[in-house]
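Reading through the structure tokens given below for one structure.
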Amino acid sequence: AQSVTQLDSQVPVFEEAPVELRCNYSSSVSVYLFWYVQYPNQGLQLLLKYLSGSTLVKGINGFEAEFNKSQTSFHLRKPSVHISDTAEYFCAVSSPDSWGKLQFGAGTQVVVTP
Amino acid sequence: ETGVTQSPTHLIKTRGQQVTLRCSSQSGHNTVSWYQQALGQGPQFIFQYYREEENGRGNFPPRFSGLQFPNYSSELNVNALELDDSALYLCASSRDRGSTGELFFGEGSRLTVL
């Protein structure tokens with residue numbers, strides 16, 4: 001069984017400041033990790049994914065995440081946020097035997113203010 | 001290339017009624033996954049259809065059922081609606097059960113059960 005914990009339910013941040021969203025997972029098998037973003041009244045959009053290879057993953061809109069197997073973490077970072085980054089962010093996990101069957105965390109609401 | 005479309009976008013039902021939600025998958029995709037997102041929570045996996053066959057199911061009762069058609073569009077049916085079924089229902093399409101590591105989500109159908 002897999003599970004995902006997003007440690008912060010809401011993260012307020014000023015425009016042009018850095019942001020880090022924390023995600024920890026538990027799994028007894030190999031994992032694939034994802035970050036999705038959900039803007040108000042919209043579906044989810046993939047920001048980035050880790051399937052294998054380099055543990056530092058770069059995604060869209062200037063986001064990046066680092067897979068840390070020893071700490072079972074996959075934290076998302078952006079060095080300088082914009083007002084348009086205000087959204088809900090979801091960390092998700094799946095495994096080789098459960099392609100497309102994502103286990104999502106509860107989400108982190110990012111609110112960017114001027 | 002058209003994206004994932006869902007209908008209806010909003011609907012209101014009363015307890016005990018039945019509902020059908022529809023999803024048109026993205027061109028070239030043969031897999032559809034359905035998720036339930038309750039207010040303030042992350043999406044929960046309901047089931048996945050691959051080439052018209054159910055390919056995995058989450059922890060949802062049998063009154064949640066689905067279909068996938070030869071053109072890979074899909075329906076989600078919920079019988080005997082309960083108040084807790086109120087949620088955003090998200091459809092996601094992908095290639096080959098999601099093995100490319102990316103799901104493409106529609107904007108969802110928001111169901112309110114009174």
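Below, read A as the first sequence line, B as the second, and so on, with proteins coming before strands; counting in each chain starts at 1. Given the structure is predicted, the values throughout are model-derived calculations rather than measurements.
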> What part of Gln6(B) gets closer than 4.5 Å to chain A, counting heavy atoms only: side chain, backbone, both or neither?
Replying inline: neither
>> Quick check on Leu39(B): does its CG atom have over 12 non-hydrogen neighbours (other residues, nucleotides or ligands) under 6.0 Å away?
In response: no
> Taking everything shown except Asn59(B) itself, do over 12 heavy atoms lie less than 6.0 Å from its CG?
Replying inline: no
> Side-chain heavy atoms under 4.5 angstrom apart, residues restricted to Ile, Leu, Val, Met, Phe, Trp, Tyr: same cluster for Val111(A) and Tyr39(A)?
Replying inline: no
> Please walk me through it: do Leu103(B) and Phe34(A) pass side chain to side chain contact (heavy atoms under 4.5 Å, CB included)?
Replying inline: CA-CA 10 Å; Leu103(B) 305 184; Phe34(A) 308 83; over 6 Å; no
>> Give me the atom names and distance for the closest heavy-atom approach of Asn41(A) to Glu107(B).
In response: O-OE1, 4.2 Å
> Contact part of Gln45(A) toward chain B, heavy-atom cut-off under 4.5 Å: side chain, backbone, both or neither?
Replying inline: neither
> Side chain, backbone, both or neither: which part of Ser33(B) has a heavy atom under 4.5 Å from chain A?
Replying inline: side chain
>> Would you say that Tyr35(B) contacts Leu44(A) through its side chain, given a criterion of any heavy-atom pair below 4.5 Å between the two side chains?
In response: no
> In the single-linkage hydrophobic clustering (I, L, V, M, F, W, Y; side-chain heavy atoms under 4.5 Å), do Val93(A) and Phe67(A) co-cluster?
Replying inline: yes
>> For Lys101(A) versus Phe45(B), what's the shortest heavy-atom pair and its separation?
In response: CG-CZ, 3.4 Å
>> How about CZ on Arg63(B), more than 12 heavy atoms from neighbouring residues, nucleotides or ligands closer than 6.0 Å, or not?
In response: yes
>> Please classify the contact between Ile46(B) and chain A as side chain, backbone, both or neither, with a heavy-atom cut-off of under 4.5 Å.
In response: neither
> So if you build clusters from Ile, Leu, Val, Met, Phe, Trp, Tyr with side-chain heavy-atom gaps below 4.5 Å, do Val37(A) and Ile83(A) land together?
Replying inline: yes
> For chain A, which of Gln48(B), Arg110(B), Gln41(B) has the most heavy-atom pairs under 4.5 Å?
Replying inline: Gln48(B)
> Side chain, backbone, both or neither: which part of Phe90(A) has an atom under 4.5 Å from a heavy atom of chain B?
Replying inline: side chain
>> Quick check on Phe14(A): does its CZ atom have over 12 non-hydrogen neighbours (other residues, nucleotides or ligands) under 6.0 Å away?
In response: no
